[in-house]
Amino acid sequence: MVIFDSVTKTKRPFEPIKEGEASIYVCGPTVYDDAHLGHARSSLAFDLLARTLRALGYKVTMAKNFTDVDDKIIKKVEATGKSMQEITTYYIDRYLDEMAQLGVQRADIEPKATESLDAIEQMIQTLIDKDFAYVVSNGDVYFDTSKDPHYGEISHKVHDDDENQSRVAHNSEKRNPKDFALWKACKGEDDICFDAPFASGRPGWHIECSAMIEKYFDGNGAYSIDIHGGGADLLFPHHENEAAQSRCATGHELAKYWMHNGFVQIDGEKMSKSLGNSFFLKDALKVYDGEILRYYLNSVHYRNDFNFNEEDLLAAKKRLDKLYRLKKRLLPGKASAVNPAFKKALLDAMSDDLNISVALSVIDEMVAASNEKLDENPKDKALKKESLANLAFIDTLLGFGGKEPYSYFQIGVDETLKEKIEALIAKRTEAKKAKDFATADAIRDELTQIGIAIMDTPEGTVWERA
RNA sequence: GGAACCAUCGCCAAGUUGGUAAGGCCGCAGCCUGCAAAGCUGCUAUUCGCCGGUUCGAGUCCGGCUGGUUCCUCCA
């Protein structure tokens, strides 16, 4: 396995800190709103990472956090009158449900900031004791970036360019412009606060990840975890700050590899609330099946920016359709063993920093080859069994193609419509038998009108939702 | 203002150590079909934003330019 490490900006062989194991921590969402396509992409990218490492034989422990205390959540509390917990559990449930629809496997550990306050306070206290952090008059605790000689090495941001930072309003008691809050002191009666030795208040955003990693992972003395992941926008300042805190608190580096996924754009424009083109996952899921979205969003390498548009999504769907059409030809039947060359080609592709494009081309070629052989010999049992096994392997490694093909092609068709379709097909078959092709074609047109495509096969007429 | 990344067929998109352009969508021709659809076969970039340089040889390395994106502020 080779991984592109964002810090060294090179592909590096994956050599885990513990033999045969892989520890991954991915920055999850702040749960104050519905997940958008960007969350989906990040989730999908690291799902692919975990699946690939598992397929390679590593014992993977994946953690993905929920930031469930934060300024934005508090604003939502003020705006809605609901409790913070009501809001966060609602969005966490929705997030998990939507990601499940995309076929994202659950993380092994899903820590929440509010459930990790002990670890957070402990790390802040350590940083204060070691003089890497300081408390200002109102009780806020800041990390002193000037005390960490390695600060800036993660994101390669130049130190002390404070001339350009002057636009950013900051607490005048900060010692350095880039110092950041570890703990935000309670602002008043209505504020959401937790007790802590330094001051009643709540954790800053960056500290929670560092603290939770220390809480859940042992590390090997040189690193706490193998891989730290997240969106490209998190590299600075979030991950820089995480790395600094952890380094200063524990005396060793946080992660051996850093991975960052690219952005999702909508029709070439940055997706953002201010532009009004924010694309919520829930809206996409109303129109497209989760599996198709998964295939589409994963069809571009995770580090590239992703330009979401309907035309490309349809092209992706057609590609997936072909896989399921092969599966239709294969069933009913049992799977035997995966073709070794196919398995190797797929794993080799994914082992190269998750080269999904090559992996998908390997699949397309396998599908075409299987179809060709089936055209030559439709009764080739051994081939059918092997192809079925190949599809099962694809499902395990990449998370698509696992459905029963008829259910895939008939998504969104209810029972009454189904009966109507079956009846029309029966009528058409009669007409065809009687050589009444005019009637047969009229029935086919009628089906086309309601969005149903039919195909005559040696085993009879089958239909799909177009 | 500072920094980084990207630029390959009509569209999407691979292309680690430089060695002579994967795959998909679309399109065209053929096989199959009553006709279609599906499936299969063949064809579709002498060329990789532009200009220089290094080299026997560059999409791949170096410099410059142009275009796009991102980060520097909460953000996947």
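In the text below, chain A, chain B and the rest are named by the order of the sequence lines, each starting its count at 1. As the structure is a prediction and not an experimental result, all values here were calculated from the model.
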Review point. Expressed as a whole number of Å, how far does the P atom of G67(B) sit from that of G18(B)?
Key: 31 Å
Review point. Just how far, in rounded Å, is P of C72(B) from CZ of Phe180(A)?
Key: 15 Å
Check your understanding: Which residues satisfy the salt bridge (charged side-chain N to carboxylate O under 4.0 Å, His left out) test with Asp289(A), sequence neighbours excluded?
Key -> Lys403(A)
Study note, to complete from the structure: All heavy atoms of Leu102(A) vs all of Leu285(A), minimum pair found to be CD2-CD2, 4.4 Å
Check your understanding: Looking for any heavy atom pair under 4.0 Å, which part of the strands does Ile454(A) touch: base, sugar-phosphate only, or nothing?
Key -> base
Point to revise | d(CD, Glu372(A); C1', G42(B)) in whole Å | key: 12 Å
Exercise for review: Search all heavy atoms of Ala40(A) against all heavy atoms of Leu281(A) and return the closest pair with its distance.
Suggested key: CB-CG, 4.0 Å
Check your understanding: Of the nucleotides G39(B), C25(B), C40(B), which has the atom closest to the Arg325(A) side chain?
Key -> G39(B)
Review point. So, for Phe306(A) and Tyr296(A), is the gap between ring centers shorter than 6.0 Å?
Key: yes
Practice item. Rounded to the nearest angstrom, tell me the gap between atom CG in Leu297(A) and atom P in G24(B). Key: 21 Å
Study note, to complete from the structure: Per atom distances to the Asn371(A) side chain, the nearest of A22(B), A4(B), G39(B) is G39(B)
Point to revise | Quiz item: cation-pi between Arg319(A) and Tyr295(A), 6.0 Å / 45° | key: no
Exercise for review: Can you tell me, in whole Å, how much space there is between the C1' of C31(B) and that of C12(B)?
Suggested key: 29 Å
Review point. Between A76(B), A38(B), C72(B), which one does the side chain of Phe263(A) approach most closely?
Key: A76(B)
Check your understanding: What integer number of Å spans the C1' atoms of U20(B) and G24(B)?
Key -> 24 Å
Review point. Expressed as a whole number of Å, how far does the C1' atom of U8(B) sit from that of C50(B)?
Key: 15 Å
Check your understanding: Within 45° of the axis and under 6.0 Å from the centre of the six-membered ring of Phe409(A), does NZ or CZ of Lys328(A) qualify?
Key -> yes
Check your understanding: For Cys193(A) and Cys186(A), what are the C-alpha separation, side-chain angles and deciding distance, and is it a disulfide bond (SG atoms under 2.5 Å apart)?
Key -> CA-CA 6 Å; Cys193(A) 304; Cys186(A) 211; 1.8 Å; yes
Point to revise | Nucleic acid footprint by protein, nucleotides 11-18 of chain B - heavy-atom cut-off 4.0 Å, B for base, S for sugar-phosphate alone | key: SSSSS---
Check your understanding: Does Leu44(A) reach the side chain of Asn261(A), with side-chain heavy atoms less than 4.5 Å apart?
Key -> no
**Study point:** Listed nucleotide nearest any side-chain atom of Met455(A), set G23(B), A37(B), A76(B)
**Key:** A37(B)
Review point. Say you pick atom C1' in C5(B) and the same atom in A29(B); how far apart are they, in whole Å?
Key: 43 Å
**Study point:** Nearest-angstrom distance, P atom, G42(B) to C48(B)
**Key:** 27 Å
Check your understanding: Hey, does the side-chain of Lys318(A) have a donor or acceptor N/O within less than 3.5 Å of a partner on the base of C25(B)?
Key -> no
Review point. Do His228(A) and Tyr25(A) have ring centroids that are under 6.0 Å from one another?
Key: yes
Check your understanding: Taking OH from Tyr25(A) and P from A76(B), how many angstroms apart are they, rounded to a whole number?
Key -> 12 Å
Review point. Rounded to the Å, how far apart are His239(A) NE2 and C72(B) C1'?
Key: 16 Å
Practice item. Could you check whether Ala368(A) gets within reach of a base, just the sugar-phosphate, or nothing at all, counting any heavy atom under 4.0 Å? Key: sugar-phosphate
Check your understanding: Of all the nucleotides listed (G34(B), U69(B), C72(B)), which has the minimum atom distance to the side chain of Gln265(A)?
Key -> U69(B)
Exercise for review: Using a cut-off of 6.0 Å, state whether more than 12 heavy atoms not belonging to Lys282(A) lie near its atom NZ.
Suggested key: yes
Practice item. Could you give the distance separating G49(B) and U69(B) at their C1' atoms, to the nearest angstrom? Key: 15 Å
Practice item. Strictly below 4.0 Å, heavy-atom distances to any atom of RNA chain B: list the hits from residues 375-390 of chain A, or just say none. Key: Asp375(A)
Exercise for review: Look at the side-chain N and O atoms of Lys322(A) and state whether any lies under 4.0 Å from the OP1 or OP2 oxygen of C25(B).
Suggested key: yes
**Study point:** Base A76(B) to side chain His36(A), donor-acceptor N/O within 3.5 Å cut-off
**Key:** yes
